[in-house]
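Letters A, B, ... are given to chains in the order of the sequence lines, protein chains preceding strands, and every chain is numbered from 1. Model, not experiment: these values are computed from the prediction.
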Protein chains: 2
Amino acid sequence: MMARLNMRELALKLGVDRATISRALSSDKAHLVAPATRERIRQEAFAAGYRPDLTAAALRRGRSNTIGILVSDLGNETFIEVIRTIFRYLDKRPGEASLTPLIAETLDQPDATRRLIDTFLSRRVDAIISLASTEADTPILQQAAREVPVVLAIRSIAGAVFPSSLCDDRAGGAMVATHFAERGHKVVCQVQGPPLSATFKNRALGFSEVCAARSIVEMPQRIFAENATSAAGKRALDAMLGMSPRPTAVFAHNDALALGVIEAMRHRGLRYPEDLAIVGFNNTHLSRVLAVPLSTVDYPVEDVSRHAGELVRNLIDNPSYRFESRLFVPSLIVRASS
Amino acid sequence: MMARLNMRELALKLGVDRATISRALSSDKAHLVAPATRERIRQEAFAAGYRPDLTAAALRRGRSNTIGILVSDLGNETFIEVIRTIFRYLDKRPGEASLTPLIAETLDQPDATRRLIDTFLSRRVDAIISLASTEADTPILQQAAREVPVVLAIRSIAGAVFPSSLCDDRAGGAMVATHFAERGHKVVCQVQGPPLSATFKNRALGFSEVCAARSIVEMPQRIFAENATSAAGKRALDAMLGMSPRPTAVFAHNDALALGVIEAMRHRGLRYPEDLAIVGFNNTHLSRVLAVPLSTVDYPVEDVSRHAGELVRNLIDNPSYRFESRLFVPSLIVRASS
DNA sequence: CTGTTAGCGCGTTCAC
DNA sequence: GTGAACGCGCTAACAG
């Protein structure tokens with residue numbers, strides 16, 4: 001391993017002071033250095049392979065230019081898409097330093113959030129975005145929020161006021177129920193995601209409200225999937241087939257669950273939408289590719305991510321920024337499955 | 001935002017020296033502190049909400065306890081699984097500090113690798129694991145390797161010697177061809193992944209070698225998918241149906257490509273394996289869930305990840321460690337599709 | 001077993 | 001427009 005060049009050594013080599021190098025390489029104070037020396041320094045620094053030590057800079061500045069992103073499941077396409085979009089948004093903009101994301105996965109395990117947030121804070125992240133919050137995490141997040149800005153995205157927490165960027169899941173669920181009503185379904189059913197996430201609670205609520213209002217019979221089916229697709233889907237289908245009256249349409253709380261139901265139907269020789277109409281949630285890549293493409297609710301990934309990014313930037317720059325939490329409206333995409 | 005407590009303030013409060021606190025809270029030097037004071041310090045530190053500043057520790061130690069992980073596509077289930085496994089392996093073991101991963105995605109864009117590696121090095125990662133290397137990246141990686149250990153996983157680079165932990169993709173391809181031979185197929189075909197990754201080159205090579213040796217006709221089909229599944233799969237199927245003689249079996253270089261082919265078959269009313277036998281690669285969750293489950297090559301994720309983790313740990317502890325690159329053998333899982 | 005001292009590499013403030 | 005000096009928070013080395 002080669003020893004790294006530091007600023008002092010580079011300064012010695014160029015015959016200037018360290019401070020001049022620091023200024024010349026910075027984006028905000030570069031104008032203080034004479035153009036000629038500035039260019040010389042930049043070129044020589046590059047040629048010498050000089051790399052500023054960001055851990056030292058972080059210590060001196062009191063800002064690390066990192067943000068912590070907490071996610072429940074890295075295998076979930078939607079989360080990945082949000083991470084990507086946030087990252088693109090936070091990455092180098094002209095004149096500003098880019099923020100490096102620290103990504104961590106909770107898998108919805110109870111202690112994970114505490115441990116990972118602890119790590120984030122010890123690493124002096126400038127802000128935290130949580131896409132993984134459950135109500136059990138409220139105290140931890142509130143505690144963290146006393147040290148750095150904490151922003152919620154995708155998943156809200158009832159009864160706690162964090163700056164947040166969310167999808168109106170209740171509206172999404174309502175859209176699906178309305179769609180079923182318009183198609184003339186009289187008996188319907190939900191395959192719900194794990195209720196420790198407010199996301200799924202709200203989808204269920206919105207759906208049920210519309211069913212009640214339009215006198216649709218909603219069978220009280222409670223499926224609690226973890227990450228499972230096939231397993232939960234199969235169980236769900238079995239349960240549905242045993243119901244009386246038997247539902248003619250099902251709302252799966254995400255595309256993965258929908259896929260599970262579909263696969264189970266295939267095993268039994270049932271077809272959708274003829275035997276059972278089905279609608280998912282998220283507009284996953286998979287939903288577009290299926291032989292009979294899946295109707296699904298399109299998640300406003302771009303909006304949610306951009307606003308989360310904006311919240312973070314603004315709150316880092318000014319901790320007492322008067323933020324505005326936002327709720328973005330999803331849209332129903334009707335395909336052949338319903 | 002509340003001001004954070006630092007070590008000096010805590011020391012003042014407890015009436016001990018900062019060094020004692022440092023030792024008491026460390027895992028390797030805790031034995032130097034009297035058990036009574038050690039416990040008192042730990043409890044008081046916890047009660048006061050003290051959090052050591054890891055950026056400062058990194059500066060002082062010359063080690064950040066972070067590692068950079070470079071991946072081509074976060075949407076790929078196998079990569080995610082590898083990241084998870086490596087993380088589990090590098091996470092807190094008794095008596096050692098845990099390593100925080102910095103994760104970055106290249107999307108196989110040419111400049112991305114350089115920029116992201118630059119960021120890693122500036123952030124003083126203790127090592128880099130690349131799951132995203134293409135041959136264009138060799139110089140960048142070699143340069144990085146002069147500063148920190150660089151380990152390759154999943155994707156190798158021809159002609160460059162980095163410590164690596166790989167799957168024997170050539171053997172995997174060969175297994176598939178052998179399987180086709182045993183099933184009596186005479187004319188076969190491949191749907192290849194993008195050839196800038198050695199992974200796919202080797203799968204193709206192993207497959208072709210066996211075909212040649214066993215006098216199977218391999219149609220010279222060259223499909224170059226990016227991340228596409230349905231698109232590339234459809235094109236592939238169209239091309240295959242136009243071939244003469246027409247292949248009776250196809251080897252898709254990963255499960256996503258296989259899914260694309262399968263969906264295209266459904267659109268045309270073709271069935272597998274009757275009309276066309278198909279084998280994928282990776283043993284993705286999806287392959288198990290399909291109505292007709294997909295034969296596939298099981299990727300030795302656990303082995304590859306663990307060895308990559310071991311390489312990193314050992315090389316960090318001792319840069320001149322005599323490492324051993326390893327090649328793990330995949331295994332063919334025959335299901336109903338072939 | 002504990003305290004003292006020094007310095008990791010950088011960015012800022014204050015001189016000039 | 002540039003240089004000198006200081007200190008961010010921590011840990012290693014050395015005393016005692």
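- Within residues 37-46 of chain A, no residue approaches DNA chain C, by heavy-atom distance under 4.0 Å.
- Under the side chain to side chain donor-acceptor pair (under 3.5 Å) criterion, B/R18 pairs with no residue at all, not counting sequence neighbours.
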>> Return a single string for nucleotides 5-14 of chain C, one symbol per nucleotide in 5' to 3' order, where B is base contact, S is sugar-phosphate-only contact and - is none, cutoff 4.0 angstrom on heavy atoms.
In response: -BBBBBBBB-
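- For A/S325, the side chain to side chain donor-acceptor pair (under 3.5 Å) test picks out A/S164, with sequence neighbours left out.
- For B/T119, the side chain to side chain donor-acceptor pair (under 3.5 Å) test picks out no residue, with sequence neighbours left out.
- A search for side chain to side chain donor-acceptor pair (under 3.5 Å) contacts involving B/N65 returns B/R63, not counting sequence neighbours.
- Shown here are the side-chain contact (heavy atoms from CB on, under 4.5 Å) partners of A/L12, two or more places apart in sequence or in another chain: there are none.
- From the 5' end on, the contacts that DNA chain D makes with chain A at under 4.0 Å to a non-hydrogen atom open and close at D/dG1 to D/dG9.
- With sequence neighbours excluded, the residues satisfying side-chain contact (heavy atoms from CB on, under 4.5 Å) with B/Y321 are B/N314, B/L315, B/N318, B/F323.
- With sequence neighbours left out, B/A144 forms a side-chain contact (heavy atoms from CB on, under 4.5 Å) with B/I117, B/L121, B/I128, B/V150.
- Note on the helix from C/dC1-D/dG16 to C/dC16-D/dG1: angle between the axes of the first and last five pairs equals 30°, rounded to 10 degrees.
- With hydrogens and angles left out, the side-chain atoms of A/T66 and B/R123 include no donor and acceptor closer than 3.5 Å.
- Annotation: side-chain hydrogen bond (donor to acceptor under 3.5 Å, both in side chains) contacts involving residues 40-52 of chain B, sequence neighbours excluded, comprise A/D118-B/R51, A/E147-B/R51.
- Counting heavy atoms from C-beta on, the side chains of B/L141 and B/S133 come closer than 4.5 Å.
- At least one donor-acceptor pair under 3.5 Å links the side chain of A/S165 to the backbone N or O of A/V304.
- A pairwise comparison of heavy atoms in B/A153 and B/A308 identifies CB-CB, 4.3 Å as the closest pair.
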